[in-house]
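I have placed the structure first, in the form of structure tokens, so that the comments after it can refer back to it.
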Amino acid sequence: MSEAIAGLPPPPPGKPPRDASAVIVWRRTWRGVEVFWLEREQRLSFAGGFFAFPGGKVDAADDLVPVRGASGDAAKLVATAARELFEETGLLVARGPRLEPDGPRLEQEALDGLRKQVLDGASFAEVLQAHGLELFASDFRPAGRWLTPPYLPVRFDARFFLVEAPEGQVASVWPGELASGEWIRPSDALVRWEAGSALLHPPNLHALSVMNGFTSVDEAVAALSAPPWCEDFISRRLEFQRGVHVVPLETPTLPPATHTNAYVLGTRELLLVDPGAPDEAEARKLVTLVKELEAAGCEAKAVVLTHHHGDHTGGAQLVAAALGLPVWAHAQTAARVQVPVVRLLEDGEVLALDGPLPMRWRVLHTPGHAPGHVCLFDERSHAGVVGDMVSTVSTIIIDPPEGDMKVYLEQLERLRVLPLGALYPAHGPVVAHGVAKLEEYLEHRAWREAKVLEAVRSFALPAGLEQVVPRAYDDVGSFIWPIAERNTVAILQKLVAEHRVLVADGKYRAA
Ligand SMILES: [Zn+2]
């Protein structure tokens with residue numbers, strides 16, 4: 001297992017993970033233990049639309065907050081935890097006469113006022129001091145450390161704390177970085193994770209699993225601090241919703257992407273999607289995961305290819321052979337790959353996966369980027385595995401004659417009208433709200449098409465690609481232009497087909 005971790009790419013230079021604290025805040029109610037969780041705003045670059053516990057990165061001023069029973073970095077991380085919890089939920093876990101149950105209490109309104117001051121930039125240390133309040137390290141039980149894996153664009157070195165909610169205070173979320181927040185029983189939260197309606201990063205999934213079996217603070221702290229499938233504080237398993245494992249593997253793909261996400265779908269019967277890594281050590285990570293799942297009673301059925309491009313199929317032979325699996329793909333993909341395809345996938349068919357949580361993955365033939373491109377859409381959870389229809393980190397290239405912009409846009413539109421939940425791209429982070437992402441994507445494509453048309457119109461004489469591309473892509477660096485040229489050709493072909501642009505001798509003019 002350690003080779004798998006050693007094989008992870010190092011963090012990009014100059015971008016070390018940022019120190020952060022997170023708080024698993026809990027309370028006892030007549031219904032049992034509840035935790036306060038938050039839905040993050042979709043626009044956030046890290047885990048947008050995911051559910052999480054309160055927390056955030058260390059602020060320089062967190063150093064200045066005295067913490068009884070701790071010093072140095074330990075104190076700072078507690079101060080961050082307390083401040084973030086206060087800012088995000090309004091819960092102030094501090095001690096002092098004015099927070100005692102029968103003292104001259106700070107009423108909720110006053111606490112709200114302090115929260116606003118801190119959110120507006122007032123020093124947390126001064127606000128506490130002004131009201132005779134003090135943080136106590138013993139109120140914040142260390143409950144695990146998690147590093148964001150290196151392939152994600154924003155990384156945190158997060159310390160988790162288990163904190164019992166102070167009595168008599170009301171937790172609430174104010175608009176901003178958070179869409180909503182609520183007290184929830186861990187079992188109910190896990191049901192939402194199973195249904196695919198609440199995506200969870202590994203630390204939060206682990207925390208909910210532990211809190212679901214809560215017996216005592218000491219036992220919870222021990223379990224929280226020893227998560228499974230972790231090495232060097234990095235989780236080897238990314239199961240943002242139940243039955244959808246994301247396995248980012250380094251591939252020779254189009255920059256800025258460096259990885260192709262392979263997927264392992266299912267809760268007993270499994271499908272492996274897009275084992276793209278030609279590098280054996282990388283491909284082995286996927287094999288290792290599947291073997292671990294098989295040891296736990298799962299049964300892999302097949303390797304599915306979304307399309308024929310090398311960064312999606314580079315490890316297919318190796319993975320299929322190592323696990324003794326057949327390869328399934330669309331006929332148009334089968335015709336373009338070396339690996340023998342034993343089952344041809346057709347638009348509309350359902351790949352049913354039996355298991356504790358059965359899944360029904362409908363095959364959607366979505367050409368445009370590649371002729372045999374397929375997406376998989378789970379009719380139960382509404383998750384969509386979309387291959388190269390959408391990238392959340394790079395640009396999808398439509399490269400004629402293999403690529404066809406008109407067809408691609410039609411297929412994007414077809415995806416957009418699905419009741420899509422989470423969107424799982426082959427490149428880049430997972431998107432919690434797929435429909436909104438597709439809308440944004442289609443809007444961007446329409447905007448770019450308009451820029452290409454405008455560029456053609458701006459020339460008095462028929463213009464060549466070398467003139468159109470720099471003008472149509474004047475918003476990006478010139479190093480993108482060689483790649484953008486292929487998309488420009490695809491857009492121009494569409495405009496020509498629509499009689500909006502005329503072409504002769506490789507030169508374009510407006511119709
Ligand atoms: Zn591709």
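Every number for a ligand or one of its atoms is a count from 1 in the order of the listing.
Both cation-pi conditions hold for Arg471 and Phe459: the charged atom is under 6.0 angstrom from the six-membered ring centre and inside a 45 degree cone around its axis.
Donor-acceptor pairing under 3.5 Å is recorded for the side chains of Glu402 and His308.
His307 lies close to the Zn ion (ligand 1), since one of its N, O or S atoms is found at a distance under 2.8 Å. Among the backbone and side-chain atoms of His312, none of the N, O or S atoms lies under 2.8 Å from the Zn ion (ligand 1). Among the atoms of Asp388, an N, O or S atom is found under 2.8 Å from the Zn ion (ligand 1).
The Zn ion (ligand 1) lies closest to atom ND1 when only the N/O/S atoms of His309 are considered.
Of the residues listed (Glu440, Glu443, Glu439), the one engaging Arg416 in a salt bridge (Lys or Arg N to Asp or Glu O under 4.0 Å) is Glu439, and it is the only one.
Heavy atoms of other residues, nucleotides or ligands lying less than 6.0 angstrom from CD of Glu498 number more than 12.
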